[in-house]
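Encoded as structure tokens, the structure appears first; notes follow it.
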Amino acid sequence: MELVEETPYRFRIDRHDSMRVPGVVFASRPLLPDAGADKSLDQVANVATLPGIVTASYAMPDIHWGYGFPIGGVAATDVEADGVVSPGGVGFDISCGVRLLAAGLDRAELRPRLDALMDGLGASTPRGMGKGAVWHLSDRAELDAVMRGGSRYAVERGYGVERDLTRCEDYGAVADADPAQVSARALERGAAQVGSLGSGNHFLEVQAVEEVYDEAVASAFGLRAGQVAVMIHCGSRGLGHQIATDFIHTMEQVMPRYGIDVPDRQLACAPVSSPEGRDYLGAMAAAANYARANRQLLHHAAREVFQRITGSDLDLVYDISHNLAKIETHGVDGDQRRLCVHRKGATRALPPGHSDLPDDLRDVGQPVLIPGSMGTDSYVLVGVPGAPAFASTCHGAGRMQSRKQATKAARGHDPRRELEAQDIAVRGKSRRGLAEEMPIAYKDITAVIEATEGAGLCRRVARLVPIGVAKG
DNA sequence: ATGTGC
């Protein structure tokens, strides 16, 4: 794949074959995927062939190989020009995202109670494959309420406070959820998982604000140096996974009917305005709301433990997804167009002044929450005016080694001891689970953030370091 | 990511 270096942080893949737009990769040269081991640049080019795609097929600095679309990919299609929606452009973990909570105490004050806190969080955070959850919903009506109401429904039920909604993307729920499009199998898988972390790279982490780059913006977000914070990274569990599986299958079936030809079967898609496209977006929105409710319940559980052990509350800084498609209006060649913006392993980053921001963040911009790999730093960023890629940025460190490779590379390592040697308390997770998440399997988060900022996608606000982690 | 996949 031939890359043209436009700037040190921006590379172009010129149109070739059936590409409708160029590819644009935001990265530094060292962060570019290794063409031998990772086909994600081919995936950037493949995405550029989708009907209705506008401007470019984008990739963020944490790009790596994914199902059809690269992870770290952004693609927008013009709804009024037969633009398509593709489940592979959202991913299997629909609305996977990050919620950051700010505590009212400093790292030094927490130290004597850290073990008790971690024990409490370990016990109150359902995690791992299958396993338990904060809620077990047996009746369909209540699961429907979760899928329509998202974290609003959780707060109505007493699992949170009003501010948890104003600081959540979409104020806790998107309006266009259509639970009728969610299969019986997806409902069955999701019913007993509302309020659970899952496994893989999902975690609940106690962190400390190590460095603040912009005091004014950090203060507006509710963050200051030395402060304790909690980061929750999880998604829509089996419900979202099953919805993705169901609709990939549906779209594979109907694609020929719409005359759509794609270079990779995994790019299965349908026009946004087709019945299948609308049904997917309705089911996807239901999963998005489910994921917000999931993070709200885990927030509530952590808040109760925090209050009990430390006397401090956990205020929501922000909750934002990095696996979602949204209908948004953006300028394209001087026109305002309704676009279906796919962000897969990419985070929305609204600039200051955007009308979708809550009042107290309107002047500063949207918080962007970027989890590092296990045992490494996490970052809080903010959206900037005039950013490319439809107001999107990176989502994390980005995997470089497969889980299998990572397990192999971890031979001779004791991941738990290595974390504890860094003064990071660990709760849960098997040796194998930890081995798969070793930082050597990921890109360097600081290099990713530097490239993201260098490319003009967003700006640094604060850096957080891990103190304790609970994983599935 | 996932009632892992090899």
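It should be emphasised that the depicted structure is a prediction, and the values quoted were computed from it without experimental measurement.
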[X] near the nucleic acid: base, sugar-phosphate alone, or nothing, with a heavy-atom cut-off under 4.0 Å?
| X | answer |
| --- | --- |
| R432(A) | base |
| G200(A) | sugar-phosphate |
| R403(A) | base |
| E437(A) | sugar-phosphate |
| E188(A) | nothing |

Calculate the interatomic distance between [X] atom [atom1] and [N] atom [atom2]; express it in whole Å.
| X | N | atom1 | atom2 | result |
| --- | --- | --- | --- | --- |
| F247(A) | dT2(B) | CZ | C1' | 18 Å |
| K404(A) | dT2(B) | NZ | P | 21 Å |
| Q405(A) | dG5(B) | CD | P | 17 Å |
| K471(A) | dT2(B) | NZ | P | 11 Å |
| L239(A) | dT2(B) | CG | C1' | 12 Å |
| D93(A) | dT4(B) | CG | P | 15 Å |
| E436(A) | dC6(B) | CD | P | 13 Å |
| R399(A) | dT2(B) | CZ | P | 13 Å |

query: Can you list the residues that meet the side-chain contact (heavy atoms from CB on, under 4.5 Å) rule with S274(A), with sequence neighbours excluded?
result: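 Counting only residues at least two positions away or on another chain, S274(A) forms a side-chain contact (heavy atoms from CB on, under 4.5 Å) with Y258(A), A270(A), P271(A), E276(A).
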task: With sequence neighbours excluded, tell me which residues meet side-chain contact (heavy atoms from CB on, under 4.5 Å) with R140(A).
output: D144(A), P179(A), L187(A)
query: Looking at D170(A) and R292(A), does any basic side-chain N land under 4.0 Å from a carboxylate oxygen?
result: yes
message: Any non-hydrogen side-chain atom of E252(A) less than 4.5 Å from a side-chain atom of R265(A)?
response: yes
statement: Residue pairs meeting salt bridge (charged side-chain N to carboxylate O under 4.0 Å, His left out), one or both in residues 398-410 of chain A, sequence neighbours left out, come to R399(A)-E437(A), R403(A)-E437(A)
query: Which pairs with one or both residues in residues 20-36 of chain A pass salt bridge (charged side-chain N to carboxylate O under 4.0 Å, His left out), sequence neighbours excluded?
result: E5(A)-R29(A)
- prompt: With respect to the phosphate group of dT2(B), does any side-chain polar atom (N or O) of S199(A) fall under 4.0 Å of OP1 or OP2?
  reply: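 Yes, because at least one side-chain N or O of S199(A) sits under 4.0 Å from OP1 or OP2 of dT2(B).
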- request: Quick one: which residue pairs count as a ring pair (Phe, Tyr, Trp, His ring centres under 6.0 Å) with a foot in residues 276-297 of chain A, not counting sequence neighbours?
  value: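 Sorted result for residues 276-297 of chain A: F247(A)-Y280(A).
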query: Among residues 127-136 of chain A, which residues get a heavy atom nearer than 4.0 Å to DNA chain B?
result: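 Only M129(A) qualify.
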